[in-house]
Amino acid sequence: LTHLELGAPPSSWHDNNIGDAAISAIASGISHNRTLVYLGLNRNQIGRAGGPYPLGTPGTAISSMNLTGLTSSPLSAHRNTSSTTLLPPLTRKASPLPGTASPPLEMLSSRPTTAALPSTRGVELLGRALTINHTLHTLCIAHNWLGTSGALPLIKALELNKSLTSLDLSDNDMGHEVGTALGNVLRNPECSLAYLTINNNPLGSRGMNSLAEGLKNNASLVTLCVE
C-alpha cells in the first residue's frame, strides 16, 4: 500500500466525516508503516470530536481501502453511538456542477456553533506518528476543523520528520501562531518541505511576516500557495 485516499472529492456534497474516532487508527497504522507515501484526509471534520464512520481503535492495522466520497457503507453497521458523537456534514457553498442536480436539503447543515468546540486529539496522535514515520511524502489535510490548536501538533512534528515533502493545510481556520510555527520549520536547514499549501487561513500580517522570515534561508521549498 503506497497511496491511501480517505478524502471526499470536490464534486461530493458530503464530507467523509471520519473524525477523531478514525484518526487514532490511522495514526497507529502509519507509525509502523514503511510503504505509504501519500495520505489524503481532506474534508473529514478531523477537528470535530467523533465522526459517523469510525474505522477502528488504536492499534488497528491499516490495509488497502478507499473511502473516497463515502456517504454510506458497510462501516456504518459498526457505529458505536454510545461513544461516538454523530455530527452533520458541512454546508457546501459551491454551486452545483454543470449537469448535476442540486443537493437534497437534508445534505446541508450550518457550520458548528460555539458548542461544537474543535478537538485536537486526533491530530495530536497524527503528529506523534509523523515523528516516527519516515516514508510518507504527501499529507493532504485541508478543509477540516483543525484550528490553530489542532494544526500546531502537526507542524511541531515536522521539526523531527524529514521525509514529508508536500503538505496541504488549506481552509483550517489557522491563526498567526501557525504562521510563526511554519516559519520556524522552514528556517530549519534540514526542512524537507517542497510544496506547502495554506490557502484560506486567517494568518494575518503577523503570521505572514513570520512565514516570510522563515523563507529567507530556506533551500527546500519550491511552491508556496497562500491565497
Side-chain angles (χ1 to χ4, degrees), residues 1-30 33 36 38-58 60-81 83-94 96-97 100 103-112 116-127 129-130 136 138-147 150-151 154 166-174 197 199-200:
L1 180 66
T2 59
H3 289 66
L4 179 60
E5 179 58 77
L6 298 175
S11 59
S12 172
W13 288 100
H14 278 288
D15 285 6
N16 278 355
N17 303 350
I18 63 174
D20 282 351
I23 295 301
S24 59
I26 294 170
S28 177
I30 68 172
N33 183 280
L36 196 68
Y38 173 92
L39 177 59
L41 295 171
N42 292 346
R43 290 178 54 191
N44 271 301
Q45 302 191 36
I46 291 170
R48 297 173 71 181
Y53 303 112
L55 299 182
T57 57
T60 300
I62 294 179
S63 59
S64 179
M65 53 188 168
N66 186 348
L67 304 182
T68 299
L70 175 66
T71 55
S72 63
S73 90
L75 288 172
S76 60
H78 300 288
R79 297 182 190 181
N80 183 351
T81 54
S83 61
T84 302
T85 303
L86 303 184
L87 295 169
L90 302 180
T91 299
R92 309 315 306 170
K93 294 183 178 180
L97 296 174
T100 63
L105 291 178
E106 61 265 25
M107 288 187 181
L108 303 179
S109 65
S110 60
R111 286 179 174 267
L117 297 176
S119 168
T120 62
R121 173 177 166 269
V123 285
E124 285 174 357
L125 292 172
L126 193 57
L130 288 177
L136 193 69
T138 301
L139 175 61
C140 298
I141 194 168
H143 313 295
N144 284 287
W145 296 94
L146 300 185
L154 288 179
S166 181
L167 176 64
D168 189 351
L169 287 167
S170 298
D171 194 19
N172 271 304
D173 197 30
M174 304 182 306
T197 306
N199 294 336
N200 196 25

Look up atom [atom1] in [X] and atom [atom2] in [Y], then write down how far apart they are to the nearest 0.5 Å.
X	Y	atom1	atom2	answer
I46	W145	CD1	CH2	13.0 Å
I23	L125	CD1	CG	9.0 Å
R121	L126	CZ	CG	12.0 Å
T197	L169	OG1	CG	8.5 Å
L4	T138	CG	OG1	12.5 Å
L136	S166	CG	OG	10.0 Å

Any side-chain to backbone donor/acceptor pair from [X] onto [Y]? Under 3.5 Å, distance only.
X	Y	result
N172	I141	yes
N16	I18	no
N144	Q45	yes

[X] and [Y]: which non-hydrogen atoms are nearest, and at how many Å?
X	Y	answer
A129	A27	CB-O, 3.3 Å
A151	M174	CB-SD, 3.4 Å
H14	R43	O-NH2, 2.6 Å

TODO: Could you go through the side chain to side chain donor-acceptor pair (under 3.5 Å) check for H143 and N42 one step at a time?
DONE: CA-CA 6 Å; H143 313 295; N42 292 346; 5.5 Å; no
TODO: Let me see the working for L130 and L139 under side-chain contact (heavy atoms from CB on, under 4.5 Å), right down to the final yes or no.
DONE: CA-CA 10 Å; L130 288 177; L139 175 61; 4.1 Å; yes
TODO: For residues L39 and I26, determine if any side-chain heavy atom of one lies less than 4.5 Å from a side-chain heavy atom of the other.
DONE: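 They are in contact (side-chain heavy atoms under 4.5 Å apart), so the answer is yes.
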Task: Step-by-step side chain to side chain donor-acceptor pair (under 3.5 Å) determination, S170 to D168 - done: CA-CA 6 Å; S170 298; D168 189 351; 2.8 Å; yes
